[in-house]
**Student:** 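There's a structure below that I have some questions on.
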Amino acid sequence: MSDLIHKTAAELAEMLAAGTTTSVEITQAHLDRIAAVDGDLNAFLHVNAAVSLEAAKASDARRAAGAPLSPLDGVPIAIKDVLVTTDMPSTSGSKILEGWMSPYDATVVTKVREAGLVPLGKTNMDEFAMGSSTEHSAYGPTRNPWDLDRIPGGSGGGSAAAVAAFEAPLALGSDTGGSIRQPAHITGTVGVKPTYGGVSRYGAIALASSFDQIGPVTRTVLDSALLHDVIKGHDVHDSTSLKDEWPSFADAVKNADVKGLKIGVIEQLDDEGFQPGVLARFHESLELLKANGAEIVNVSLPSLAHAVAAYYLILPAEASSNLAKFDSVRFGLRVQPEGGGTVEQVMSATREAGFGAEVKRRIILGTYALSAGYYDAYYGSAQKVRTLVQRDFADAFSKVDVLASPTAPTTAWKLGEQLDDPVAMWRGDIATIPANMAGIPGISVPAGLADEDGLPVGIQFLAPAREDARLYNVGGALEALLEQKWGHTLLSQAPELKGGAL
Amino acid sequence: MSDISAEQVRHLANLARIDLSDAEIATMTTELGQIMEAVASVQAVATPDVPATSHPIPLKNVYRPDVVADVIPTDKALASAPEHDGSRFKVSAILGEEQ
Amino acid sequence: MAKAKLMDYDKALELFEPVLGFEVHVELSTKTKMFSAAPNNFGSEPNTNITPTCLGLPGSLPVVNEEAVRYSISLGLALGCEIAESSSFARKNYFYPDLAKNYQISQFDEPIAINGNVEVELPNGRIIQVDIERAHMEEDAGKLTHVGGSTGRIQGAEYSLVDYNRAGVPLVEIVTRMIEGAEHDAPELAKAYVATIRDIVLALGISDAKMERGNLRCDANVSLRPRGSDKLGTRTETKNVNSLRSVERAVRYEIQRQAQILSEGGTIIQETRHWHEDTGATSAGRPKSDADDYRYFPEPDLLPVVPDPALIEELRAALPEKPAERRRRLKAEWGFTDLEFQDVVNSGLLNEITETVAAGATPQAARKWWTGEIARLANAAEGDAGIDITPAQVAELQQLVDEGTLTDRLARQVLEAVAAGEGSPREIVETKGLAVVSDDGALIAAIDEALSAQPDVLEKIKDGKVQAAGAVIGAVMKAMQGKADAARVRELVLERAAAL
């Protein structure tokens, strides 16, 4: 029974198709796992077993009738709390939305429901996805399954930890500056940020609209591809959603082959700013790819030096506006100042009490960057840097098929270690942010464990916009080569979670 | 440019409708100064010849047909309101003018 | 509220030159809202025309209404504007409970239409060119109801209620350039300008343009420049002006108010002022300050509007005639004198006369009916349900006159019956038997009777005193209850007298 939780989504789909298990069994096994270990992890903010089992039952009925909705019909999935759901509260990790029930489902949630997947619950995250450690959740931090004293990455630490700890085979995440890829790197899982517009943002509580993208969080590249195949595609509710016909990403993984593939190593992301163990695994992976027919070349993207600075101007600016809707009028928290007050005072008191320190900091920063007299110097300049970053990528992709870098400079740090310095944590996003600046897709694939601390390390691949399939090709190929070399999956090396550790 | 005063932060907090405490204003004044220093480098490369980019993927003319859809019933909309009168959202008295 | 001290209007104009500017908001009559698929209906139950997007719910996104873009382009073209090759949306950030997202999606540095002009004709016949700086697309806010307190106004209210039905309704804001040289006519120009915009959007069929419903809203900017000075004065922006008459009154009031302050050595504060219909005065609102830091930035959720040149040409070709051009054309076609035409324009009867002419009447006949008898009936009926006479009925009535079925007097009688809803002119002639008696036999019988009753008159006629016939004609007309053609009766009287 409990072995069901260690199966990949692809394996579960096969078992369901063969009739060797049921969705109810699978769902129950994962609910049991959550009940056993999530007290230690705090990966989930909300689980409703009854609702999940109801959905599982319906899935089994479809299978019995020979009418599954998709190959993944009946497979459980965890949903990052940034996505709105009608049957579970949606908080985006914030007190200001505590208990809020959306009257509509996010498009990706509708799509996974329509494919028959079984939502298990909502996963923890940094408040409004602002953070790289999930410590900025208003509902307490999520802990890393590899070491409960360490952070799981962020902002999607909940989704990554849930998948890494076998609480769910699949999860949905959102990636604004690395919030899918960096937690994947930190937890030894796979995370994909699709091309901007490749997956609908409708119903994803916006952080920075021009960066946000929804994507899969899984344990294998194939599972990410399978989930991506479910959620991709045009949505009339999202003006920035692309109308492209997408190829099958699952097929890209199944036919993975790097022979003749030109891989560019980003010089600016291959230096002493990265932990030695991170760099070591990165170069090993490249060697392996090279040994199997890939061509490795160095490329330079000089504008990346300014990408993080530009990102931390554009993001707060857009966020300060996106978060203005949390005003206590139509939904969410309302705080009455002592002795009543005008609506202005009620709004200000609510936002003071309802937002955490990091959110307030970014709203003030964004307000500043947009305010009269500063716009050109800050926001305007940052938008120009964005042009330069895009040009650098266009130039690089004229020479290579994909780009590679370590996903993040370090392995998981200890809880609380970087909380005091608002700028330090941002440096951790140096490798992931450029993809969001340019709207291009990126994947993080487990590359091994760092020698110095035995913690997971990821490798990131980037492809030109609309070429997400290239990521599944190179990611799938590398995953197979590494597992062949190791003789096991990376996650099989994680310490066993028994529950009740805390 | 990064010399930010507490008064400025107070003004920004007012624009952003966040009733920051004095302690928060003090902390944020320092932090904002540090952050702005850290991001000021963008100005050096943002020369006049570089156009600004607002959207990562250039698209245009994305429209919706003029057809009704997506309407949510009043009771569902009011269900999560802090206060309502059965058909409208209720708020405290407004200090300012009609905008 | 105490009414401010006002300078005599003529005196004010002696000392100062008024400079005007207008921002007119037009609500488009699309089926759905600007950025969401919620119905765009007036008068629905509160919070029934709402979607996640117009409520600004977390995760919701805007998508542009294609029809609203077409309407906006048509309006831009009708205002003589250039349509921007590329225009874009921006967020205007400010907190207010009727603004669901606490930012308004508007257009800032790239409006859809720029550099136009409209010809505004004043009641005195003067024509003034008003230059249009820009017309841009944006979304309306929701509706606040202030409860408690004595006034029902915002001040003193205990709480407010918000209805988001109007939130997101498509608007086009039309901004003029500074208008100088209107002089004494400034208030009339204000009214005529807004009326012109109203006529344009009605002709385009893109707005219901009812000011009382807020479909059309005008903010009037007024400043005064001392005679002999080339320095512009500080301007005020008067909002909440909900009728054409109020636009005129508000501008006149501001001119008089500002003139009084300036002549006393005071200064005008740059501020928003509110027009109060009941007191006929404006009151001070919010002074312009750095609270107006709207932090505009490009709306990341929406893409640029880059209209296909073919679409622009298609919409241009479909434009109705400009009101001013149409007036010129009609005046020439109808051959009215200046006075006659001005009378028609001022009475707002252009459409009625056009349609009556189209239904077969001559322009002069149509004009006489509409500005004469029908206007009299309408005035008399004022306050009641009004009168309901169609151009086709007027044309039919005139045809009855032309073919001799009705005399003018009878026709007036028929018209009254039409106004009373008794049927078409022909039906009324039929049912009431109001037609002229054209049967000579009946007339001759009546004439013979009258002549025999007045033998002295017969003698006089026979003696050649033809004017004596009048007495007989009168008697015959009376006998025929007016349903005879007096000229024919006269002919017959003379014939019979000669024969007897």
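Quick note on labels: first sequence line is chain A, next is B, and so on, each numbered from 1. Keep in mind that what you see is a predicted model, and the values were worked out from it rather than measured.
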**Student:** Within residues 82-91 of chain C, which positions have a heavy-atom distance to chain A below 4.5 Å?
**Tutor:**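 When heavy atoms of chain A are the reference, residues 82-91 of chain C contributes R91(C) within the under-4.5 Å range.
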**Student:** Select, from A324(A), A317(A), S102(A), the one with the greatest count of heavy-atom pairs under 4.5 Å involving chain C.
**Tutor:** A324(A)
**Student:** State the CG-CG distance between D238(A) and L61(C), to the nearest 0.5 angstrom.
**Tutor:** 5.0 Å
**Student:** Side chain, backbone, both or neither: which part of Y164(C) has a heavy atom under 4.5 Å from chain A?
**Tutor:**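 Looking at Y164(C), just its side chain touches chain A.
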**Student:** Which bit of T367(A) is near chain C, if near means a heavy-atom gap under 4.5 Å: side chain, backbone, both or neither?
**Tutor:** both
**Student:** Non-hydrogen atoms of chain C under 4.5 Å away: do they reach the side chain of A372(A), the backbone, both or neither?
**Tutor:**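 Both parts, backbone and side chain.
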**Student:** List the atom of D293(C), the atom of S371(A), and the distance in Å for their closest heavy-atom pair.
**Tutor:** OD2-CB, 3.1 Å
**Student:** What's the spacing between S239(A) OG and L302(C) CG if we round to 0.5 Å?
**Tutor:** 5.0 Å
**Student:** So how far is it from Y103(C) OH to N322(A) CG, rounded to the nearest 0.5 Å?
**Tutor:** 5.5 Å
**Student:** Between M347(A) and F95(C), is there a side-chain heavy-atom distance shorter than 4.5 Å?
**Tutor:** yes
**Student:** Is V236(A) close to chain C through its backbone or its side chain, or both, or neither, when contacts mean heavy atoms under 4.5 Å?
**Tutor:**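 Contact with chain C is through the backbone of V236(A) alone.
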**Student:** Measure N93(C) against the heavy atoms of chain A and call it side chain, backbone, both or neither at under 4.5 Å.
**Tutor:**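 Contact with chain A: side chain only.
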**Student:** Report, as yes or no, whether the 6.0 Å neighbourhood of atom NZ on K92(C) holds more than 12 heavy atoms from other residues, nucleotides or ligands.
**Tutor:**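 Enclosed.
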**Student:** By number, which residues in residues 33-60 of chain C have some heavy atom less than 4.5 Å away from chain A?
**Tutor:**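 Expected list: P52(C), T53(C), L55(C), G56(C), L57(C), P58(C), G59(C), S60(C).
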**Student:** So which residue, D212(A), D327(A), L323(A), ends up with the most heavy-atom pairs under 4.5 Å with chain C?
**Tutor:** D327(A)
**Student:** Using a heavy-atom distance cut-off of less than 4.5 Å, which residues of residues 84-97 of chain A contact chain C?
**Tutor:**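 V84(A), L97(A), listed by number.
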**Student:** My understanding is that only residues two or more places apart in sequence, or in another chain, count here; which of them pass ring pair (Phe, Tyr, Trp, His ring centres under 6.0 Å) with F297(C)?
**Tutor:** Y379(A)
**Student:** Given that the side chain runs from C-beta out, which part of Y202(A) has a heavy atom under 4.5 Å from chain C: side chain, backbone, both or neither?
**Tutor:**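 Y202(A) touches chain C through backbone and side-chain heavy atoms alike.
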**Student:** How long is the straight-line distance from NZ of K101(C) back to OG of S321(A), given to the nearest 0.5 Å?
**Tutor:**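 Spacing of OG (S321(A)) from NZ (K101(C)) equals 9.0 Å.
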**Student:** Going through the distances and angles, do L303(C) and T240(A) end up as a side-chain contact (heavy atoms from CB on, under 4.5 Å)?
**Tutor:** CA-CA 7 Å; L303(C) 288 311; T240(A) 59; 4.0 Å; yes
